[in-house]
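Basis for what follows: all heavy atoms, side chains included, without hydrogens, waters or symmetry-related copies.
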Amino acid sequence: MFSGGLADKKLGFELVNVKAQKENNPKVNCFDSFDGHMELGSPKHLGRNWNDVASLFSRNHECLFFQLSHLTQHFLVAALNLLSTIMELGLPLFPGIKFPTSRNTVLARSSPNNLSQFSSNASSSTSISVKPPTKTVPGKPEADVVVIGSGIGGLCCAGLLARYNQDVLVLESHDLPGGAAHSFEIKGYKFDSGPSLFSGFQSRGPQANPLAQVLDALGESIPCAKYDSWMVYIPEAEFLSRIGPTEFLKDLEKHASRNAVQEWKKLLEAILPLSAAAMALPPLSIRGDLGVISTAAARYAPSLLKSFVEMGPQGAFGAPKLLRPFSEIMDSLELRDPFIRNWVDLLAFLLAGVKSNGILSAEMVYMFAEWYKPGCTLEYPLNGSGAIIDALVRGIQKFGGRISLGSHVEKIIVENGKATGVKLKGGQFIRAKMAIVSNASMWDTLNLLPKDKLPKSYIDRVKTTPQCESFMHLHLGFDAEDVREDLGIHHIVVNEWERGVDADQNVVLISVPSVLSPNLAPPGKHVLHAYTPGTEPFELWEGLDRRSAEYKKLKAERSEVMWKAVERALGSDFNRDKCEVKLVGTPLTHQRFLRRNRGTYGPAIQAGQGTFPGHSTPIPQLYCCGDSTFPGIGVPAVAASGAIVANSLVSVSQHSQLLDAIGI
């Protein structure tokens, strides 16, 4: 949905033959078929352990809205704390890894022997070449690094490792790469399964989106359409909200009050000076060992100091607030206008899955800086969100990495106290000579491990980590003549402020990407994805038989709020009965087809109350990336997590060469 927030409360879908749908062997589709119906499946003190550093770094809970590169602020604050305490630290976050004394050179983009030798058709929606699922992994059954799962975090990690000249193998359980972020096609309609609002693909340099930095390192680009607005349907009014420094003030004057205008100006004046601190350190410079002193702290010290000078006294003294909930800033400014409080809660929820009292101020400050600066735009990949996955796969393959689909990891093998490989469902053993990286959730990774090899404290911590709720989804294909002519790509519907934006059945997000990318639908048609953003209780669905009348009835009842929102957005001429494709997804869809524990989007960790885990585990040579690790949930966050793990598995020299190569 919307870049980097609950929009990323994503799933993956693909039509599958009914006969192939066995309960113990789900495919990468998100549809169950029965009775002729299709169902969408699918601060300062750091202590003396590097895991404490990771905990500080990991104060980011991103869930669903804007695909902005708002992560860098966390790295900045963490780096500043790191500089003041680094000499106290003695244990690495990544134990057991011995760096070679020499490596093959990482080629810069300008090198004649570099990326020019590879053919990269970035405009093709199906340009990747991945072998179909097989019972055994083709080629040698070993690699330097084995990556479990091909979500964006896993693909970013694998891509960079391949770029670093490591032998890397990605094992994906399903028959399409991309995990929760891939696209699927039904009757000529190409649907996004998750995120669909993005920003920063064309950005370059230290302040770029982490995913853009990874793509740049892989020599890949994604053609995008640009736009600057989204439709809002709230209790007070319906209006087209445009991003930019002055446009929202006009909306406030028209739909709120003069007091709201004044409070909004007061808020911007207070937080925008903090933005320099929130954008000074590239996330791709971070690694999980003492090498971070070279790749981040020392390398970017001048820019860090410059940012504090540019912030001035107000910003410098306010910098510690970046690690506190954003509501504390609003309270300190005595902002009480109901519209402003509700609107900020909505933005926070769409960005991070929590309201303003649970989101880091750093995230909000970066978002405000990006959305309210002159010339800002949003971006949508011209071939859908699947184009992102295609680009990452091309990058992995051009540097010699491998991806094996239909390769379900059943167990992580631990020998002599270390993770040495994985066992596939068919019985094949794949050896990992250097490391295993799990891109699965913390709960699903735990299920792959032998419990007798894990400390009870680790097991308890995973099991007691709170979870985000799940989703209801609606995918539609319909005739463009049946909808309003001025239809935009993105719509958000809030039914009642009083219930809170995090209440179930209260907020619906809608994306119609064919408005900007007509090739996603047959001529004269549209594709649409609507969903309730991580607010659907799993308890309502737990234990239901997906083929039962009770399940079908609950699907119809719980999807009605999305139908009504869609009808509101598309106009009075839209007729749901005329849709050529109608797919409904439930939390059981997430659980079954995405192999997500309880269908969750990820950990529900709030600012000021907890931190995201680091990337190491109690098992040497086993690491984790993705939405269960620092920096958190969302596309930019998981891309950054994958990059951090990849950086930490190679030498500081290689890491520095890569930063030089991509110009940061």
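A donor-acceptor pair is defined here as one N or O able to donate and one able to accept, closer than 3.5 Å; no such pair exists between the side chain of Ser517 and the backbone of Pro513. Listed for the Ser193 side chain is no donor-acceptor partner under 3.5 Å among the backbone atoms of Ser183. Side chain of Asp627 to main chain of Gly634: no donor-acceptor pair is present (N/O by atom type, distance under 3.5 Å, no hydrogens or angles). Counting only distance, with no hydrogens or angles, the side chain of Lys254 and the backbone of Phe239 share no donor-acceptor pair below 3.5 Å. Between the side chain of Ser511 and the main chain of Ser196, no donor-acceptor pair closer than 3.5 Å is present. Ser404 places no side-chain N or O within donor-acceptor distance of the main-chain N or O of Ser407, the cut-off being under 3.5 Å. The backbone N or O of Arg242 sits nowhere less than 3.5 Å from a side-chain atom of Ser229 that would complete a donor-acceptor pair. The main-chain N or O of Glu172 is never found under 3.5 Å from a side-chain atom of Ser150 such that the two would form a donor-acceptor pair. Side-chain N or O atoms of Gln505 include one that pairs as donor or acceptor with a backbone N or O of Arg558 at under 3.5 Å. Proximity of a side-chain donor or acceptor of Asn342 to a complementary backbone N or O of Pro338 within less than 3.5 Å is detected.
The two residues Gly626 and Val638 make their nearest non-hydrogen contact at C-CG1, 3.7 Å. The minimum heavy-atom distance linking Ala180 with Leu594 is given by the pair CB-CD1, 4.2 Å. Taking each heavy atom of Ser470 and Gly599 in turn, the nearest pair found is OG-O, 2.7 Å. In plain terms, the two heavy atoms of Pro587 and Met472 that are nearest each other are CD-SD, 4.0 Å. Closest of all the heavy-atom pairs between Leu544 and Leu588 is O-CD1, 3.8 Å. Among all heavy-atom pairs drawn from Asp479 and Gly524, the shortest one is OD1-O, 3.4 Å.
Put simply, the side chain of Leu476 reaches to within 4.5 Å of the side chain of Trp563, judged on heavy atoms. Here the side chains of Val561 and Lys564 are not in contact, with every heavy-atom distance at 4.5 Å or above. With contacts defined as side-chain heavy-atom distances shorter than 4.5 Å, the pair Leu215/Ile222 qualifies. In this structure, the side chains of Leu405 and Leu176 stay at 4.5 Å or more apart for every pair of heavy atoms. Contact of the Val566 side chain with the Leu528 side chain is registered, since non-hydrogen atoms from C-beta on lie closer than 4.5 Å. Counting heavy atoms from C-beta on, the side chains of Leu211 and Phe198 never come closer than 4.5 Å.
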side-chain hydrogen bond (donor to acceptor under 3.5 Å, both in side chains) between Glu536 and Trp541, worked out: CA-CA 9 Å; Glu536 183 68 10; Trp541 304 85; 2.9 Å; yes
Audit row: Cys156, Leu392, side-chain contact (heavy atoms from CB on, under 4.5 Å) steps and yes/no: CA-CA 7 Å; Cys156 286; Leu392 289 171; 4.1 Å; yes
Working for side-chain hydrogen bond (donor to acceptor under 3.5 Å, both in side chains), residues Asp345 and Ser356: CA-CA 5 Å; Asp345 270 349; Ser356 61; 2.7 Å; yes
Residues Ile389, Ile152; criterion side-chain contact (heavy atoms from CB on, under 4.5 Å); working and verdict: CA-CA 7 Å; Ile389 304 305; Ile152 287 179; 3.9 Å; yes
Check against side-chain hydrogen bond (donor to acceptor under 3.5 Å, both in side chains), Glu580 and Tyr189: CA-CA 10 Å; Glu580 297 180 10; Tyr189 292 92; 2.9 Å; yes
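Comment: Lys250 engages Glu247 in a salt bridge, judged by a side-chain N to carboxylate O separation of less than 4.0 angstrom. Salt bridge present: Glu220 and Arg394 bring a charged side-chain N and a carboxylate O closer than 4.0 Å. A salt bridge between Arg484 and Asp573 is absent, with no side-chain N of the basic residue lying under 4.0 Å from a carboxylate O of the acidic one. Comment: Lys552 does not engage Asp545 in a salt bridge, judged by the lack of any side-chain N to carboxylate O separation of less than 4.0 angstrom. Contact check on Glu469 versus Arg598 returns no salt bridge, with no Lys/Arg side-chain nitrogen under 4.0 Å from an Asp/Glu carboxylate oxygen. In summary, Lys525 and Glu481 do not engage in a salt bridge, as defined by a charged side-chain N under 4.0 Å from a carboxylate O.
Summarising the geometry, atom CE belonging to Met562 is positioned 9.5 Å from atom CD belonging to Glu560; distances are rounded to the nearest 0.5 Å. Taking OG from Ser628 and CG from Asn439, the interatomic distance works out to 9.5 Å, rounded to the nearest 0.5 Å. With rounding to the nearest 0.5 angstrom, the OG atom of Ser559 is 11.5 Å from the CG atom of Leu583.
Checked by atom type, the side-chain pair Thr377/Asp228 shows no donor-acceptor distance below 3.5 Å. Between the side chains of Asn383 and Asn519, at least one donor-acceptor pair of N or O atoms lies under 3.5 Å. Judged purely by distance below 3.5 Å, without hydrogens or angles, the side chains of Glu236 and Trp497 pair a donor atom with an acceptor atom. Between the side chains of Asn597 and Thr600, not a single donor N or O lies within less than 3.5 Å of an accepting N or O.
Annotation: His529 is not in aromatic contact with Phe191 [ring centroid separation under 6.0 Å not met]. Aromatic ring centroids of Tyr227 and Tyr380 lie 6.0 Å or more apart.
Ring geometry for Phe368 versus Trp264: interplanar angle of 30 to 60°, hence tilted. Note on ring orientation: taking the six-membered ring where Trp is involved, the planes of His473 and His475 are parallel (angle under 30°, cut-offs 30° and 60°).
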